[in-house]
Amino acid sequence: MTVTDSSLPSPNRESLTDDLRWRGIIQDSTDPDELRALLDGGAATYYVGFDPTAPSLHVGHLMQVVTARRLQLAGHRPLLLVGGATGQIGDPKESAERTLNPPEVVSGWVRRIHDQLAPFVSYTGENAARLVNNLDWTGEMSVVEFLRDVGKHFPVNRMLAREVVKARLETGISFTEFSYQLLQANDFFELHRRHGCQLQFGGSDQWGNIAAGVDYVRRRGAGPVQAFTTPLVTRADGTKFGKTEGGAVWLDPAMTSPYAFYQFWVNVDDKDVDRYLRYFSFRSREEIEALERATAERPAAREAQRALAEELTTLVHGEDETAQAVAASRALFGRGSLGELAEGTLRAALAEAGLVQLTELPDVAGLLRESGLVTSMKEARRVIAEGGAYVNNDRVTETDAVVGPEALLHGRFLVLRRGKRSFAGVELRK
């Protein structure tokens, strides 16, 4: 049985387990044979959770979102959990106690993330996805019920042995964060009881919590259930994935524009792109291996990066926004029409490059200096004289050239370029 949404690609007919392992998606797991039987057997119900710690998911969540989609394409039934309860508590960090967000803030983030998850799976067919909120069952429990029905199944010595807890024992850890593991484990039991959930997966940093949930379901006389974790996604140099100089790369287009999202993937390092293709792309093994060869043989073409950027931008933001992002990327470097770009896309692209706001327009030399493409008027005039200055992709050759208001794109913007690859934007503020 498979999802019926025709917009989703056809599932890979090879073993799901073998495909996940080839892609490097399974890191830790419960019994490998039982997990294989579950993944490669009939339709199973699985869940993955997202705590609302911000108003949007970011690209660091994509591994879980894409894996949820991958399992549904193979015929399994997704439960996408947004932690209205656990989001008010916070999983312990090794560094310090988390700042607790007000319940009304968390509630607003739950609604936003629910909406954000909706396009990634299908809600029709025999294996239709379902969105769930753990506040629905956790909020109903009294303190006494929680301690008697949940707490009694958790040996404190095991909880103290968790690495993150041990790291906090000297500096201190509140009972609030210490109890997070119980709440997450209870989620698995409640989803098993209410929806027949047989499988949980999450990031490898969650293995302690996930394993505790498997054990808790067993201790409550239910199951059997299985679990696996995905590797934490990092860059080749070990730095955190999903961060740029401007901060996190969000899935919400109001927080990270589709153009900036597209550029994030285009700029992925050659050392990382093969791994990211296997993690995030729905292309076949043959297609991915062909892109890997292209990276090895023609790295300057960035064929793999562009393929990944187009696929993921389409998945997250849709075909129209992807087409605009691709068009903007080409147009800014003189390979397309700037006039055909939507105003929002143009501004987002210029903001990524560096957008200076002016209340009046100086001559072209002054524009180059104000934008930061040159450091002095002398340098600006030299660049113009040598034929290296462009305004809206038109070469400027007169050192005293000026541009009039009719040149402004959407009545507000100018695109400046020095040479082939350095560009910046000007926005005229009235």
Side-chain angles (χ1 to χ4, degrees), residues 3 5 8 45-72 77-93 98-123 128-139 177 180 183-184 186-188 190-191 194-195 197 200-203 205-206 209-210 213 229-230 232-233 240-243 247-258 260-261 264 279-280 312-318 321:
V3 291
D5 187 339
L8 298 178
T45 300
Y46 63 93
Y47 100 90
V48 59
F50 304 88
D51 271 349
T53 56
S56 172
L57 300 176
H58 52 73
V59 294
H61 294 105
L62 269 184
M63 174 67 94
Q64 311 313 327
V65 174
V66 166
T67 301
R69 180 180 173 89
R70 207 179 294 283
L71 265 61
Q72 189 184 32
R77 291 184 292 267
L79 300 172
L80 303 183
L81 182 147
V82 182
T86 46
Q88 297 185 46
I89 303 301
D91 198 16
K93 299 188 299 182
R98 290 182 182 272
T99 300
L100 300 183
N101 294 301
E104 61 273 15
V105 171
V106 174
S107 177
W109 290 350
V110 166
R111 289 192 296 272
R112 291 184 61 163
I113 293 174
H114 265 163
D115 293 343
Q116 200 168 68
L117 288 169
F120 293 99
V121 291
S122 173
Y123 295 87
R130 181 167 185 162
L131 296 170
V132 292
N133 183 346
N134 58 18
L135 188 61
D136 292 344
W137 52 86
T138 307
E177 289 194 2
Y180 181 94
L183 296 175
Q184 183 171 324
N186 191 52
D187 289 344
F188 201 174
E190 287 294 337
L191 291 175
R194 295 166 183 245
H195 303 290
C197 183
Q200 180 188 6
F201 70 88
D205 59 334
Q206 290 293 305
N209 291 336
I210 291 172
T229 62
T230 62
L232 292 182
V233 184
K240 194 167 185 178
F241 170 77
K243 294 283 187 179
V249 180
W250 303 98
L251 304 193
D252 187 328
M255 298 173 69
T256 296
S257 71
F261 184 87
F264 171 80
Y279 288 166
F280 301 119
L312 290 180
T313 307
T314 301
L315 178 63
V316 175
H317 296 297
E321 290 290 356

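Note that the structure is predicted; figures quoted are calculated from it, not measured.
- For CZ of R112, the number of neighbouring non-hydrogen atoms (other residues, nucleotides, ligands) closer than 6.0 Å is greater than 12.
- Under the 4.5 Å side-chain criterion, counting only non-hydrogen atoms from C-beta, F188 is not in contact with I210.
- Judged by distance alone, the side chain of N101 and the main-chain N or O of V106 form no donor-acceptor pair under 3.5 Å.
- For the pair H58 (side chain) and G60 (backbone), a donor-acceptor distance under 3.5 Å is present.
- Defined by atom type and a distance below 3.5 Å, a donor-acceptor pair is present between the side-chain atoms of N134 and T86.
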Show your working on side-chain contact (heavy atoms from CB on, under 4.5 Å) between F120 and L251 and close with a plain yes or no.
CA-CA 12 Å; F120 293 99; L251 304 193; 4.3 Å; yes
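- For the residue pair Q206/T229, the side-chain donor-acceptor check at 3.5 Å is not satisfied.
- Between the side chains of S122 and Q72, no donor N or O sits under 3.5 Å from an acceptor N or O.
- Checking side-chain atoms of S107 against main-chain N and O of P103 turns up no donor-acceptor pair under 3.5 Å.
- Heavy-atom minimum distance, A129 versus V121: CB-CG2, 3.4 Å.
- Ring geometry for F241 versus F280: interplanar angle under 30°, hence parallel rather than tilted (30 to 60°).
- Every residue two or more places apart in sequence or in another chain that forms a salt bridge (charged side-chain N to carboxylate O under 4.0 Å, His left out) with R194 is listed here: E190.
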